Amino acid sequence: MVKNLSKEGSDKIDWDTEDELEIQEIQDAIFSSCRDLRTTGQHALSGDGEASSSSVPCRLSKFIQQFVVMGFSEESIAKAIEQNGENSDLVLDALLTFKVIEDSPEEQPTASPQLDPSICSDDSYSEYNENFLDDVYEEESWSSDSDNCICYLKDESSSLSENEQTLLSLANMGYPVEEVSIAMEICGKEASLAELTDFICAAQMSRAEDPYLPEDVKPKLKHISNDSGGYKKRKMFNQLCKGKKQRTIFDEDPISLPKPMIGFGVPTVSGPAMVRRTLPKQAVGPPFFYYENVALAPKGVWDRIASHLYDIEPEFVDSKYFCAAARKRGYIHNLPVEGRFPLLPLPPRTINEALPLSKRWWPSWDTREHLNCLQTAIGSARLTDRIRKAVEDVDGVPPMRVQKYVLEQCRKWNLVWVGRNKVAPLEPDEVEMLLGFPKNHTRGGGISRTDRYKSLGNSFQVDTVAYHLSVLKDLYPEGINVLSLFSGIGGAEVALYRLGIPLKNVVSVEKSEVNRNIVRSWRENTNQRGNLIDFDDVQQLNGDCLEQLIDSFGGFDLVIGGSPCNNLAGSNRVSRDGLEGKESSLFFEYPRILDLVKNIMCGER
DNA sequence: CCTAGGATGATTCAGGCA
DNA sequence: TGCCTGAATCATCCTAGG
């Protein structure tokens, strides 16, 4: 069933051949277009943070949205962005500072009521917001460059009446406009936001418990069915303000990790039958999309990620079912889940099978069969020396205390036995093999050993991703056009290639030059003939740029990528700041770009 | 400047047990 | 139910040495 693409195979493929010069010209034109756009004030907030009344791109909207869902007013956000640019950390700091000032009665005796502390889950945010904006601003005051992109302009909102501002604030928090209106009528115009949120939540709770309530209404109320309403929201906001390392906490049932972590199924475990899932209408392609990140992110992160990707339930899969190393990851995608097949041959799934030379030295008391997650750093030589001495000092089987210490360190650093009493970290080519990359994929071309580990540690496990992508093979026998965001060392491209799906046009976005070179070199080594256009910054990809790309080869079939996990990963002791972290906030670029691609391809732009 | 080594916990979740 | 323990975790920053 599976055909791994051989050299001969790839030569037989009927490629869309294009003169290299022509490709270069297209590429140059697109690059210059993007640069031009970047410097000609297309962004509502330019470098100096000046607000513009022209159309506001989705990126900015999403950037603002992340603060709106925390309960900050759009005025404060606009002010904070003006002062700090689009740096999440700085903007958040500024917002918290505003909040402290506004909460101080001595300094601000007449604080605006819309800044009343409150917070909500943002699952229903967009929907309610759209309703709200439809109702309130039928033809003015805001602009949007897509149906899914709602943008706020500072000047207009500040010209609203107090009532309208209250309405706007509550709608931004996710409360339905109709319910806000009713609450304002019943509680009176003098009512504080706290009173209004309490009233709305009480009403929602009472309806949620109503056995005669239609089922299609109940899910929307799920997030308030198990809490104490506005009080809890305000309490959460207060927690939010306590420190910088706050997170959005969700009222509704948080997304939990499945056990076993096999998603919709893996080829090596006879788990529950493949489910036929129903995707929300707006999530259905084209294009197909596939998003990845660490499964063990801080609480609430996956809820937020899903809320920006059509509320699709993430598929959590541990790659230990595909190879000898664990890799717990979440994937949100709109691919079919039936008819998947794995890459063949199936890779070895135990340490002994994957590293047969280590078998000879493996002590019986080290019962590991799988390696832990392959990370970006390795154990030091000094550590392996300490372990050697600890084990050498005893005759025969070491005492439990030593065993425990050694095993703990081996698990922590993924050490393997390479000699009598001798452990060592994995070699880079072993990591390549475990992750499903060809040998020497990251070797040479100016990359250091340390950076090889780093690039590999940040990559996909190819067999896992390929299994999910395998359904594309029958759908695109002639090959596909791929938009690969946060490409890294090309895990997605390698997966598609190994599935035998020809890569016609690949637009790859990757910050690291070393990684871009690895992908380019791999393509040359494998004699691929499609086009590779690469960018170094996702933020360069604006609507006009994407439009030109899509015009030049007729649209993307797949938008794939895993955004930075730095601020989500448990290993990060310094800046595990969640989705608002410096790097991880680039996640918001993914739905922004996906929306743009969808809209351009639907001809709605 | 580049590279490698070393020191640096917190946040989750699961399972056991009183 | 609450507490404890164990386990896992796509990392960051500083420094020394070439």
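Just so we're on the same page: letters track the sequence lines, and every chain starts at 1. Note that the coordinates shown come from a computational prediction; the quantities given were computed from them, not determined experimentally.
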Could you check which of dT12(B), dA4(B), dT12(C) has an atom nearest any side-chain atom of Pro298(A)? dT12(B)
Ile378(A) atom CD1 is separated from dA7(B) atom C1', nearest whole Å, by 16 Å
When we call it a touch if two heavy atoms are under 4.0 Å apart, what does Cys565(A) touch: a base, just sugar-phosphate, or nothing? base
What is the distance from OH of Tyr453(A) to P of dC10(C), rounded to the nearest Å? 18 Å
side-chain N/O Arg576(A) vs dA10(B) OP1/OP2, d < 4.0 Å: no
Would you classify Ser584(A) as touching base, sugar-phosphate or nothing, given that sugar-phosphate means primed atoms plus P, OP1 and OP2, and contacts are heavy atoms under 4.0 Å? nothing
Answer yes if the ring centres of Phe460(A) and Phe437(A) are under 6.0 angstrom apart, and no otherwise. no
Counting only side-chain nitrogens and oxygens, does Gln375(A) get under 4.0 Å of the OP1 or OP2 atom of dA11(C)? yes
For dA11(C) and Ser571(A) - does any side-chain N or O of the residue sit under 4.0 Å from the phosphate oxygens OP1/OP2? yes
Under 4.0 angstrom between Ser448(A) side-chain N/O and dA4(B) OP1 or OP2: yes
dA8(C) OP1/OP2 closer than 4.0 Å to side-chain N/O of Arg411(A): yes
Tell me what Ala381(A) touches on the nucleic acid: a base, only sugar-phosphate, or nothing, going by heavy atoms under 4.0 Å. sugar-phosphate
Compare side-chain N and O positions of Lys299(A) against OP1 and OP2 of dA10(B) and report whether any pair is under 4.0 Å apart. no
From CZ of Phe316(A) over to C1' of dC13(B), roughly how many Å is that when rounded to an integer? 13 Å
Glu292(A) side chain, from C-beta outward: closest of dA4(B), dC10(C), dT12(B): dC10(C)
Using a 4.5 Å cut-off on heavy atoms from C-beta on, say whether the side chain of Val465(A) contacts that of Tyr331(A). yes
Phosphate contact (dA7(C) OP1 or OP2) by Asn372(A) side-chain N/O below 4.0 Å: no
Pairwise P distance, dT8(B) and dA8(C) [rounded to whole Å]: 22 Å
Side chains of Arg327(A) and Ser319(A): is there a donor and an acceptor less than 3.5 Å apart? no
With respect to the side chain of Lys328(A), which nucleotide from dT8(B), dT9(C), dT12(C) is positioned closest? dT9(C)
Taking only side-chain N and O atoms of Lys412(A), does any of them lie within less than 4.0 angstrom of OP1 or OP2 on dA8(C)? no
Compute both the distance and the angle, then confirm whether Lys328(A) meets the cation-pi test with Tyr321(A): under 6.0 Å from the six-membered ring centre, within 45 degrees of the axis. no
Any strand is fair game: report the nucleotide pairing with dG9(B) by Watson-Crick or G-U wobble, both distances under 3.5 Å, or none. none
Is a side-chain donor-acceptor pair under 3.5 Å present for Asn421(A) with Glu392(A)? no
What contact category does Arg327(A) fall into here, base, sugar-phosphate, or nothing, at under 4.0 angstrom with non-hydrogen atoms? base
Can you tell me the distance, in whole Å, between the CD atom of Glu427(A) and the C1' atom of dA4(B)? 14 Å
Do side-chain atoms of Asp303(A) reach the backbone of Ile255(A) as a donor and acceptor pair under 3.5 angstrom? yes
Candidate nucleotides dG5(B), dT8(B), dG6(C), ranked by approach to the side chain of Lys404(A) - the nearest: dG6(C)
Could you pick out which residue, Lys259(A) or Gly570(A), lies toward the 5' side of DNA chain B when each is mapped onto its nearest nucleotide? Gly570(A)
Using a 4.5 Å cut-off on heavy atoms from C-beta on, say whether the side chain of Phe288(A) contacts that of Ile560(A). no
Picking from dT12(C), dA4(B), dA7(B), the nucleotide nearest the side-chain atoms of Glu583(A) would be dT12(C)
The nucleotide from dT9(C), dG5(B), dA11(C) with an atom nearest the side chain of Asn572(A) is dA11(C)
Interatomic distance where CG belongs to Asn566(A) and P belongs to dT12(C) [whole Å]: 4 Å
On DNA chain B, compare the nucleotides closest to Ser380(A) and Asp451(A); which residue's is nearer the 5' end? Asp451(A)
When the P atoms of dA7(B) and dT9(C) are compared, how many Å lie between them, rounded to an integer? 22 Å
Considering every strand shown, what is the Watson-Crick or G-U wobble mate of dC10(C) when both distances are under 3.5 Å? none
